[in-house]
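These values consider heavy atoms only, across backbone and side chains, with no hydrogens, waters or symmetry-generated copies. Count residues from 1 along the sequence.
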Amino acid sequence: MNFAVIGAGAVGMLTASLLKEAGCGVQLITRRPEQAKQINAKGIDLDGKIQFIDAYTEWDRIPANAFIMVAVKYGHLPEVIKKLKSNCLDNPVVFMQNGMMHLDSIPNLPQKNIAAGIVEHGALKVNETRVKHTGKGLFKFALLSGDEKRFLPLLNINGVKAEWHPDADKMLFRKVLLNTMINPLTALLSIKNGELLSNPHAYELLKNIYTELYAAFPEIESLLPFEQVTALCASTAENTSSMLADKLAGRPLELDTILLYTIRRSPYTLPILQTFYHLLKAAEKE
């Protein structure tokens with residue numbers, strides 16, 4: 001199987017490395033030629049293991065039979081959407097962004113077969129060629145348009161755990177709700193995931209957010225029980241959330257596609273989340 005991973009951040013480098021280790025043909029498409037040059041020279045270092053993966057900026061080098069795995073953050077998605085409108089027209093495409101706002105762009109694409117993907121691995125980008133695997137998990141996929149059968153080979157890659165979900169909205173919204181509870185709090189308080197449990201004040205805020213979300217989305221009780229939220233915080237106790245990592249690195253935060261999306265989807269006002277959103281937006285502009 002062949003893959004073209006678009007984006008060489010933490011998720012992109014981790015995904016490319018795992019697929020390469022599994023014996024797949026992998027290309028990595030970067031935004032900047034400088035990073036591609038470094039990856040071609042040094043390979044990608046995943047926890048001390050080097051994978052040599054061809055890296056380019058040119059989309060015309062992507063094989064016609066490759067799965068396109070879009071691993072850029074939401075803020076960089078418009079340039080990828082523009083590329084997809086004139087490149088890789090027959091390739092199957094998988095979008096692996098946090099949040100759900102990116103779904104608005106997909107109906108306008110010419111590609112027939114499009115899926116959503118969720119990465120439940122922990123990953124931390126150390127530098128341009130090095131990534132840490134901070135938590136082992138699995139990939140989840142669901143159909144957005146086209147033929148489900150086109151994506152079933154993704155479930156049978158040796159050494160790469162993956163699941164198929166019949167409902168893309170439920171799959172993605174569960175992840176949005178999880179990110180809505182963990183990411184803003186860790187970013188605001190500058191704490192790791194586990195401190196949401198060990199710090200009594202942070203834990204009280206976590207419970208209050210869940211209560212607020214439950215009033216707006218009662219389905220959260222079956223979709224994401226609070227016990228699963230705390231279990232994830234415990235199992236990733238030493239992890240830095242993606243939003244906190246972005247904050248520490250001075251990068252834009254994925255506030256709109258996670259927090260703002262949840263606020264807009266809610267039938268009721270969400271005062272706690274609205275406060276968190278504006279606090280983080282205000283800090284981001286400083």
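- No more than 12 heavy-atom neighbours from other residues, nucleotides or ligands sit within 6.0 angstrom of NZ on Lys132.
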### Task
With ring-ring contact (aromatic ring centres under 6.0 Å, His included) as the test, would you mind laying out the steps for Phe151 and Phe141 before giving the verdict?
CA-CA 8 Å; Phe151 296 96; Phe141 303 105; 8.0 Å; no

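- No salt bridge links Lys192 with Glu195; every basic N to acidic carboxylate O contact stays at or beyond 4.0 Å.
- Between Arg32 and Glu128 there is a salt bridge, since a side-chain N of the basic residue sits under 4.0 Å from a carboxylate O of the acidic one.
- Closest non-hydrogen pair, Gly122 versus Leu14, comes out as O-CD2, 4.2 Å.
- Glu79 CD: more than 12 foreign heavy atoms inside a 6.0 Å radius.
- Grouped with Leu248 in one hydrophobic cluster are Leu244, the linkage being side-chain heavy-atom contacts under 4.5 Å among Ile, Leu, Val, Met, Phe, Trp and Tyr residues.
- Aromatic ring centres of Phe173 and Phe217: separated by under 6.0 Å.
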### Message
Does Arg61 form a salt bridge (charged side-chain N to carboxylate O under 4.0 Å, His left out) with Asp54? I'd like the steps, not just the answer.
### Response
CA-CA 11 Å; Arg61 301 178 73 167; Asp54 291 336; over 6 Å; no

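- With sequence neighbours left out, Tyr277 forms a side-chain hydrogen bond (donor to acceptor under 3.5 Å, both in side chains) with Asp256.
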### Query
Run the side chain to side chain donor-acceptor pair (under 3.5 Å) check on Asn98 and Glu254 step by step: do they pass?
CA-CA 8 Å; Asn98 281 326; Glu254 292 185 303; 3.1 Å; yes

### Query
Going through the distances and angles, do Thr30 and Thr57 end up as a side chain to side chain donor-acceptor pair (under 3.5 Å)?
CA-CA 5 Å; Thr30 69; Thr57 57; 5.8 Å; no

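- Salt-bridge check for Glu284 with Lys247: failed, with every basic side-chain N at 4.0 Å or more from each acidic carboxylate O.
- Checking side-chain atoms of Glu163 against main-chain N and O of Phe139 turns up no donor-acceptor pair under 3.5 Å.
- Formation of a donor-acceptor pair under 3.5 Å by the Gln111 side chain with backbone atoms of Ile106 is not found in this model.
- A donor-acceptor pair shorter than 3.5 Å can be found between the side chains of Thr236 and Asn193.
- With rounding to the nearest 0.5 Å, the separation of CG in Leu213 from CG in Leu224 is 9.0 Å.
- Salt-bridge annotation for Lys112 and Asp90: absent, with no side-chain N of the basic residue lying under 4.0 Å from a carboxylate O of the acidic one.
- Applying the salt bridge (charged side-chain N to carboxylate O under 4.0 Å, His left out) test between Asp169 and each of Arg174, Lys175, Arg265 identifies Arg265 as the sole match.
- Atom CG of residue Leu178 and atom SG of residue Cys233 lie 7.5 Å apart, to the nearest 0.5 angstrom.
- A donor-acceptor pair is defined here as one N or O able to donate and one able to accept, closer than 3.5 Å; no such pair exists between the side chain of Ser266 and the backbone of Ile263.
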